[in-house]
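See structure below.
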Amino acid sequence: MPFEPTLAHFLILSAAVFTIGLVGVMIRRNAIIVFMSIELMLNSVNLTFIAFARYRFETDGQIFAFFIMAVAAAEAAVALAIVLHVFRHKRGVSVDEMQQLKY
Amino acid sequence: MGFWEPLFFWIFAFGAIITSCAVIVSRNPLYCALLLIADFFCFAGLYVLLSAHFLAVVQVLVYGGAIMVLFLFIIMLLNLRGKNLVANRFQVHYLIAIASGVVIFLFSAGVILAAVDMDEVADEREAHAAQLEEADDPDEVEPLATDSAIPNLWVDAEERAVEEAYRAKMLAWRDGTAAPSDGKYSRFNPEREYELPPSLDPEPFMEAELGEDADEDVGPAIVPGRKGLYGTFKPVSIKLVNRFVIPFELTAVLLLASIVGAVILAKRRVT
(Lines give C-alpha, C1' and ligand atoms only; values in the text may rest on other atoms or scores of the structure.)
Protein backbone atom coordinates (compact mmCIF):
# COMPACT_ATOMS: atom_id res chain seq x y z
CA MET A 1 0.00 0.00 0.00
CA PRO A 2 1.50 3.32 -1.02
CA PHE A 3 0.00 5.37 1.77
CA GLU A 4 1.37 3.60 4.78
CA PRO A 5 2.16 6.16 7.44
CA THR A 6 5.66 6.26 8.81
CA LEU A 7 7.18 8.28 11.61
CA ALA A 8 7.65 11.16 9.17
CA HIS A 9 3.91 11.31 8.51
CA PHE A 10 3.21 11.67 12.20
CA LEU A 11 5.88 14.35 12.58
CA ILE A 12 4.56 16.35 9.65
CA LEU A 13 1.00 16.08 10.94
CA SER A 14 2.24 17.29 14.28
CA ALA A 15 4.09 20.19 12.66
CA ALA A 16 0.95 21.12 10.74
CA VAL A 17 -1.25 21.16 13.83
CA PHE A 18 1.41 23.09 15.75
CA THR A 19 1.51 25.70 13.00
CA ILE A 20 -2.28 25.97 12.95
CA GLY A 21 -2.23 26.57 16.69
CA LEU A 22 0.49 29.17 16.29
CA VAL A 23 -1.47 31.02 13.60
CA GLY A 24 -4.50 30.84 15.88
CA VAL A 25 -2.57 32.52 18.67
CA MET A 26 -1.47 35.23 16.26
CA ILE A 27 -4.78 36.02 14.56
CA ARG A 28 -7.39 35.63 17.27
CA ARG A 29 -8.24 38.38 19.75
CA ASN A 30 -10.53 36.37 22.02
CA ALA A 31 -8.47 35.21 24.99
CA ILE A 32 -10.38 31.94 25.37
CA ILE A 33 -9.71 30.96 21.77
CA VAL A 34 -6.07 31.92 22.18
CA PHE A 35 -5.90 29.42 25.04
CA MET A 36 -7.58 26.82 22.85
CA SER A 37 -4.89 27.37 20.24
CA ILE A 38 -2.26 26.85 22.92
CA GLU A 39 -3.94 23.55 23.81
CA LEU A 40 -3.68 22.58 20.14
CA MET A 41 0.05 23.27 20.19
CA LEU A 42 0.52 21.23 23.37
CA ASN A 43 -1.37 18.35 21.78
CA SER A 44 0.78 18.37 18.68
CA VAL A 45 3.89 18.20 20.86
CA ASN A 46 2.34 15.22 22.64
CA LEU A 47 1.86 13.54 19.28
CA THR A 48 5.54 14.02 18.50
CA PHE A 49 6.57 12.53 21.84
CA ILE A 50 4.33 9.51 21.39
CA ALA A 51 5.37 8.91 17.79
CA PHE A 52 9.04 8.94 18.79
CA ALA A 53 8.28 6.70 21.76
CA ARG A 54 6.62 4.21 19.41
CA TYR A 55 9.53 4.48 17.00
CA ARG A 56 12.08 3.72 19.71
CA PHE A 57 9.70 1.24 21.35
CA GLU A 58 10.19 2.78 24.77
CA THR A 59 7.59 4.22 27.09
CA ASP A 60 9.60 7.23 28.28
CA GLY A 61 8.11 9.51 25.64
CA GLN A 62 4.63 8.53 26.70
CA ILE A 63 5.44 9.50 30.26
CA PHE A 64 6.61 12.90 29.07
CA ALA A 65 3.33 13.28 27.20
CA PHE A 66 1.50 12.34 30.39
CA PHE A 67 3.27 15.11 32.31
CA ILE A 68 2.50 17.58 29.53
CA MET A 69 -1.17 16.69 29.91
CA ALA A 70 -1.00 17.32 33.65
CA VAL A 71 0.68 20.69 33.10
CA ALA A 72 -1.90 21.58 30.43
CA ALA A 73 -4.70 20.83 32.88
CA ALA A 74 -3.13 23.08 35.53
CA GLU A 75 -2.50 25.79 32.95
CA ALA A 76 -6.07 25.69 31.68
CA ALA A 77 -7.47 26.06 35.20
CA VAL A 78 -5.30 29.10 36.02
CA ALA A 79 -5.71 30.68 32.59
CA LEU A 80 -9.50 30.48 32.70
CA ALA A 81 -9.51 31.94 36.19
CA ILE A 82 -7.48 34.86 34.82
CA VAL A 83 -9.94 35.25 31.95
CA LEU A 84 -12.81 35.33 34.44
CA HIS A 85 -10.98 37.94 36.51
CA VAL A 86 -10.30 40.13 33.49
CA PHE A 87 -13.88 39.81 32.34
CA ARG A 88 -15.11 41.15 35.67
CA HIS A 89 -12.91 44.22 35.38
CA LYS A 90 -13.20 44.96 31.67
CA ARG A 91 -16.50 43.34 30.64
CA GLY A 92 -14.62 41.73 27.76
CA VAL A 93 -12.14 38.99 27.00
CA SER A 94 -10.26 40.54 24.10
CA VAL A 95 -6.51 40.33 24.51
CA ASP A 96 -6.29 43.91 23.23
CA GLU A 97 -7.82 45.04 26.50
CA MET A 98 -5.26 43.25 28.65
CA GLN A 99 -2.55 45.84 28.34
CA GLN A 100 -1.95 46.68 31.96
CA LEU A 101 0.55 43.87 32.49
CA LYS A 102 2.90 45.66 30.13
CA TYR A 103 3.60 48.46 32.54
CA MET B 1 0.72 -4.71 7.79
CA GLY B 2 -2.94 -4.05 7.72
CA PHE B 3 -5.47 -2.29 5.63
CA TRP B 4 -7.30 -0.52 8.41
CA GLU B 5 -4.46 1.17 10.25
CA PRO B 6 -3.34 3.36 7.32
CA LEU B 7 -6.97 4.14 6.50
CA PHE B 8 -7.67 5.23 10.04
CA PHE B 9 -4.44 7.19 10.14
CA TRP B 10 -5.55 9.29 7.17
CA ILE B 11 -9.07 9.70 8.54
CA PHE B 12 -7.75 10.91 11.90
CA ALA B 13 -5.00 13.04 10.37
CA PHE B 14 -7.33 14.91 8.06
CA GLY B 15 -9.90 15.11 10.83
CA ALA B 16 -7.34 16.65 13.16
CA ILE B 17 -6.19 19.20 10.58
CA ILE B 18 -9.69 20.18 9.47
CA THR B 19 -11.06 20.52 12.99
CA SER B 20 -8.07 22.50 14.21
CA CYS B 21 -8.41 24.88 11.25
CA ALA B 22 -12.09 25.23 12.11
CA VAL B 23 -11.19 25.95 15.74
CA ILE B 24 -9.10 28.97 14.83
CA VAL B 25 -11.51 30.44 12.26
CA SER B 26 -14.86 29.79 13.90
CA ARG B 27 -16.49 32.94 15.22
CA ASN B 28 -18.48 31.56 18.12
CA PRO B 29 -16.29 30.34 21.02
CA LEU B 30 -18.85 27.63 21.75
CA TYR B 31 -18.35 26.11 18.30
CA CYS B 32 -14.60 26.43 18.81
CA ALA B 33 -14.80 24.42 22.03
CA LEU B 34 -16.97 21.69 20.48
CA LEU B 35 -14.65 21.43 17.46
CA LEU B 36 -11.70 21.23 19.81
CA ILE B 37 -13.32 18.24 21.51
CA ALA B 38 -13.60 16.55 18.09
CA ASP B 39 -9.96 17.40 17.52
CA PHE B 40 -8.95 15.78 20.80
CA PHE B 41 -10.84 12.64 19.83
CA CYS B 42 -8.92 12.52 16.55
CA PHE B 43 -5.69 12.78 18.53
CA ALA B 44 -6.84 9.97 20.82
CA GLY B 45 -7.36 7.82 17.72
CA LEU B 46 -3.84 8.62 16.54
CA TYR B 47 -2.47 7.64 19.97
CA VAL B 48 -4.24 4.30 19.69
CA LEU B 49 -2.63 3.80 16.27
CA LEU B 50 0.72 4.45 17.95
CA SER B 51 -0.21 1.81 20.58
CA ALA B 52 -0.30 4.37 23.37
CA HIS B 53 -3.55 3.05 24.78
CA PHE B 54 -3.10 4.53 28.23
CA LEU B 55 -2.52 7.99 26.83
CA ALA B 56 -5.48 7.68 24.48
CA VAL B 57 -7.71 7.03 27.47
CA VAL B 58 -6.11 9.89 29.41
CA GLN B 59 -6.55 12.15 26.40
CA VAL B 60 -10.28 11.49 26.24
CA LEU B 61 -10.75 11.71 30.01
CA VAL B 62 -8.55 14.70 30.82
CA TYR B 63 -8.66 16.76 27.63
CA GLY B 64 -12.01 15.77 26.19
CA GLY B 65 -13.59 15.60 29.62
CA ALA B 66 -12.08 17.81 32.28
CA ILE B 67 -10.37 20.62 30.36
CA MET B 68 -13.08 21.06 27.76
CA VAL B 69 -15.81 21.07 30.39
CA LEU B 70 -13.86 23.86 32.08
CA PHE B 71 -13.69 25.78 28.78
CA LEU B 72 -17.38 25.28 28.02
CA PHE B 73 -18.30 26.26 31.57
CA ILE B 74 -16.35 29.51 31.33
CA ILE B 75 -17.74 30.31 27.86
CA MET B 76 -21.29 29.81 29.03
CA LEU B 77 -20.66 31.66 32.29
CA LEU B 78 -19.29 34.72 30.50
CA ASN B 79 -22.14 34.62 27.95
CA LEU B 80 -20.21 36.66 25.41
CA ARG B 81 -22.16 38.80 23.02
CA GLY B 82 -22.05 42.14 21.31
CA LYS B 83 -18.60 43.59 20.94
CA ASN B 84 -16.95 40.42 22.15
CA LEU B 85 -18.20 38.47 19.16
CA VAL B 86 -17.23 40.77 16.31
CA ALA B 87 -16.77 39.02 13.00
CA ASN B 88 -13.23 38.35 11.91
CA ARG B 89 -12.81 41.19 9.51
CA PHE B 90 -9.85 40.83 7.25
CA GLN B 91 -6.84 42.65 8.56
CA VAL B 92 -3.32 43.00 7.28
CA HIS B 93 -1.78 41.19 10.23
CA TYR B 94 -3.79 38.08 9.31
CA LEU B 95 -1.80 37.88 6.10
CA ILE B 96 1.45 38.27 8.00
CA ALA B 97 0.43 35.63 10.56
CA ILE B 98 -0.64 33.11 7.92
CA ALA B 99 2.46 33.73 5.82
CA SER B 100 4.75 33.24 8.81
CA GLY B 101 2.79 30.12 9.73
CA VAL B 102 3.30 28.69 6.26
CA VAL B 103 7.00 29.51 6.42
CA ILE B 104 7.35 27.83 9.82
CA PHE B 105 5.48 24.75 8.62
CA LEU B 106 7.53 24.45 5.44
CA PHE B 107 10.70 24.85 7.45
CA SER B 108 9.82 22.13 9.96
CA ALA B 109 8.49 19.79 7.26
CA GLY B 110 11.69 20.39 5.31
CA VAL B 111 13.77 19.50 8.34
CA ILE B 112 11.76 16.30 8.89
CA LEU B 113 11.93 15.28 5.25
CA ALA B 114 15.63 16.06 5.07
CA ALA B 115 16.19 13.71 7.99
CA VAL B 116 14.25 10.97 6.23
CA ASP B 117 15.16 10.20 2.67
CA MET B 118 11.75 9.11 1.43
CA ASP B 119 13.10 7.77 -1.89
CA GLU B 120 15.52 5.57 -0.01
CA VAL B 121 12.71 4.28 2.18
CA ALA B 122 10.62 3.51 -0.91
CA ASP B 123 13.52 1.73 -2.63
CA GLU B 124 14.23 -0.34 0.43
CA ARG B 125 10.62 -1.34 0.78
CA GLU B 126 10.36 -2.31 -2.88
CA ALA B 127 13.49 -4.43 -2.64
CA HIS B 128 12.14 -6.08 0.48
CA ALA B 129 8.78 -6.79 -1.14
CA ALA B 130 10.55 -8.29 -4.18
CA GLN B 131 12.65 -10.48 -1.92
CA LEU B 132 9.53 -11.63 -0.13
CA GLU B 133 7.88 -12.58 -3.42
CA GLU B 134 10.86 -14.53 -4.68
CA ALA B 135 11.50 -16.46 -1.52
CA ASP B 136 9.63 -19.72 -0.95
CA ASP B 137 9.47 -19.27 2.79
CA PRO B 138 8.67 -15.72 3.88
CA ASP B 139 10.26 -16.31 7.27
CA GLU B 140 13.70 -16.79 5.71
CA VAL B 141 13.83 -13.26 4.35
CA GLU B 142 15.57 -10.90 6.68
CA PRO B 143 13.31 -8.24 8.16
CA LEU B 144 13.61 -4.77 6.77
CA ALA B 145 16.58 -2.92 8.17
CA THR B 146 15.64 -0.09 10.42
CA ASP B 147 18.83 1.93 10.53
CA SER B 148 18.82 3.73 7.20
CA ALA B 149 15.12 4.46 7.09
CA ILE B 150 12.44 5.45 9.49
CA PRO B 151 10.53 2.20 9.47
CA ASN B 152 6.92 1.64 8.73
CA LEU B 153 5.20 1.36 12.04
CA TRP B 154 3.08 -1.62 11.09
CA VAL B 155 5.37 -3.97 9.21
CA ASP B 156 5.05 -7.25 11.04
CA ALA B 157 8.61 -8.37 10.43
CA GLU B 158 9.94 -5.16 11.82
CA GLU B 159 7.65 -5.23 14.73
CA ARG B 160 8.84 -8.70 15.49
CA ALA B 161 12.46 -7.56 15.31
CA VAL B 162 11.78 -4.60 17.56
CA GLU B 163 9.87 -6.67 20.02
CA GLU B 164 12.61 -9.26 20.13
CA ALA B 165 15.14 -6.54 20.80
CA TYR B 166 12.94 -5.20 23.57
CA ARG B 167 12.59 -8.63 25.06
CA ALA B 168 16.34 -9.21 24.93
CA LYS B 169 16.84 -5.86 26.60
CA MET B 170 14.46 -6.71 29.41
CA LEU B 171 16.12 -10.08 29.90
CA ALA B 172 19.51 -8.40 30.06
CA TRP B 173 18.15 -6.02 32.66
CA ARG B 174 16.89 -8.92 34.70
CA ASP B 175 20.25 -10.63 34.50
CA GLY B 176 21.91 -7.41 35.54
CA THR B 177 24.10 -7.13 32.48
CA ALA B 178 22.62 -3.98 31.00
CA ALA B 179 20.37 -1.09 31.79
CA PRO B 180 16.85 -1.28 30.40
CA SER B 181 17.35 1.99 28.60
CA ASP B 182 20.35 0.50 26.81
CA GLY B 183 21.69 3.84 27.70
CA LYS B 184 24.53 5.56 26.02
CA TYR B 185 24.12 8.18 28.70
CA SER B 186 22.88 5.91 31.45
CA ARG B 187 24.64 5.90 34.80
CA PHE B 188 23.89 2.23 35.14
CA ASN B 189 26.97 0.32 36.19
CA PRO B 190 26.87 -3.39 35.36
CA GLU B 191 29.68 -4.08 37.82
CA ARG B 192 27.72 -2.88 40.79
CA GLU B 193 25.15 -4.91 42.66
CA TYR B 194 21.93 -2.99 42.65
CA GLU B 195 19.59 -3.70 45.49
CA LEU B 196 16.04 -2.70 44.93
CA PRO B 197 13.64 -2.30 47.81
CA PRO B 198 11.05 -5.10 47.72
CA SER B 199 8.27 -2.95 46.38
CA LEU B 200 10.40 -1.82 43.46
CA ASP B 201 11.60 -5.28 42.58
CA PRO B 202 11.13 -5.64 38.84
CA GLU B 203 10.68 -9.39 39.03
CA PRO B 204 6.86 -9.47 39.08
CA PHE B 205 6.80 -6.95 36.30
CA MET B 206 9.22 -9.01 34.28
CA GLU B 207 7.11 -12.10 34.75
CA ALA B 208 4.08 -10.22 33.58
CA GLU B 209 5.96 -8.66 30.71
CA LEU B 210 7.72 -11.69 29.38
CA GLY B 211 5.59 -14.59 30.45
CA GLU B 212 6.66 -17.54 32.47
CA ASP B 213 8.82 -18.99 29.74
CA ALA B 214 11.04 -15.93 29.79
CA ASP B 215 14.22 -17.90 30.17
CA GLU B 216 13.54 -20.18 27.26
CA ASP B 217 14.61 -19.56 23.73
CA VAL B 218 12.94 -16.52 22.28
CA GLY B 219 10.89 -18.08 19.50
CA PRO B 220 8.18 -16.05 17.83
CA ALA B 221 7.91 -12.91 19.87
CA ILE B 222 4.38 -12.08 18.87
CA VAL B 223 2.17 -14.25 20.97
CA PRO B 224 -1.54 -13.59 21.23
CA GLY B 225 -2.27 -11.72 24.40
CA ARG B 226 1.25 -10.46 24.72
CA LYS B 227 1.63 -8.36 21.62
CA GLY B 228 -0.34 -5.38 22.79
CA LEU B 229 1.49 -4.91 26.05
CA TYR B 230 3.51 -1.91 24.93
CA GLY B 231 1.87 1.35 25.97
CA THR B 232 -0.87 -0.20 28.07
CA PHE B 233 -1.51 0.71 31.70
CA LYS B 234 0.89 -1.69 33.29
CA PRO B 235 4.26 -0.80 31.71
CA VAL B 236 3.51 2.92 31.69
CA SER B 237 2.30 3.08 35.27
CA ILE B 238 5.12 0.92 36.59
CA LYS B 239 7.60 3.26 34.98
CA LEU B 240 5.64 6.22 36.31
CA VAL B 241 5.97 5.15 39.92
CA ASN B 242 9.52 3.85 39.68
CA ARG B 243 11.83 5.91 37.59
CA PHE B 244 9.64 8.97 37.25
CA VAL B 245 8.24 8.98 40.76
CA ILE B 246 9.63 12.40 41.73
CA PRO B 247 8.15 14.26 38.74
CA PHE B 248 4.95 12.34 39.38
CA GLU B 249 4.77 13.62 42.96
CA LEU B 250 5.76 17.11 41.87
CA THR B 251 2.81 17.02 39.46
CA ALA B 252 0.57 16.59 42.47
CA VAL B 253 2.10 19.72 44.04
CA LEU B 254 1.67 21.59 40.76
CA LEU B 255 -1.99 20.65 40.52
CA LEU B 256 -2.57 21.69 44.13
CA ALA B 257 -0.88 25.04 43.50
CA SER B 258 -2.94 25.61 40.36
CA ILE B 259 -6.16 24.79 42.21
CA VAL B 260 -5.32 27.29 44.94
CA GLY B 261 -4.29 29.88 42.37
CA ALA B 262 -7.45 29.41 40.32
CA VAL B 263 -9.67 29.73 43.37
CA ILE B 264 -7.90 32.87 44.59
CA LEU B 265 -8.01 34.47 41.13
CA ALA B 266 -11.65 33.70 40.53
CA LYS B 267 -12.86 34.75 43.98
CA ARG B 268 -14.45 38.15 43.98
CA ARG B 269 -12.51 39.44 46.93
CA VAL B 270 -9.84 37.75 48.97
CA THR B 271 -10.61 38.29 52.64
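Just so it is clear: chains get the letters A, B, ... in the order the sequence lines come, proteins before strands, and each one is counted from 1.
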B:Phe244 and A:Phe66 aromatic centres sub-6.0 Å: no
Relative to chain B, which segment of [X] carries a heavy atom at a distance below 4.5 Å: side chain, backbone, both, or neither?
X       : answer
A:Leu40 : side chain
A:Leu13 : side chain
A:Phe64 : side chain
A:Phe35 : both
A:Ile82 : both
A:Ala79 : neither
A:Leu47 : both

Set of side chain to side chain contact (heavy atoms under 4.5 Å, CB included) partners for A:Ala70, sequence neighbours left out: B:Thr251
Looking at [options], which has the largest count of heavy-atom pairs under 4.5 Å with chain B?
options                   : value
A:Val25, A:Leu22, A:Ile12 : A:Ile12
A:Val83, A:Val23, A:Val71 : A:Val23
A:Ala81, A:Ser37, A:Ala76 : A:Ala81

Between [X] (side chain) and [Y] (backbone), is there a donor-acceptor pair under 3.5 Å?
X       : Y       : answer
B:Ser26 : B:Val23 : no
A:Arg54 : B:Tyr47 : no
A:Ser14 : A:Phe10 : no

Minimum-distance pair of heavy atoms, taken over all atoms of B:Tyr63 and A:Ala72: OH-CB, 3.1 Å
Exercise: identify the closest heavy-atom pair between B:Phe9 and A:His9: CZ-CB, 3.7 Å
Check each atom of [X] against the heavy atoms of chain A and say whether the ones under 4.5 Å are side chain, backbone, both or neither.
X        : answer
B:Leu70  : both
B:Ala257 : neither
B:Leu77  : side chain
B:Ser237 : neither

Top contributor to chain A interface from B:Leu240, B:Asp39, B:Ile17, B:Ile104 [non-hydrogen pairs under 4.5 Å]: B:Leu240
Most contacts with chain A, counted as non-hydrogen pairs under 4.5 angstrom, among B:Ser108, B:Ala16, B:Ala13: B:Ala13
Spacing of OG belonging to B:Ser100 relative to CD1 belonging to B:Ile98, to within rounding of 0.5 Å: 9.0 Å
Rounded distance [0.5 Å steps], CE in A:Met26 versus OG1 in A:Thr19: 9.0 Å
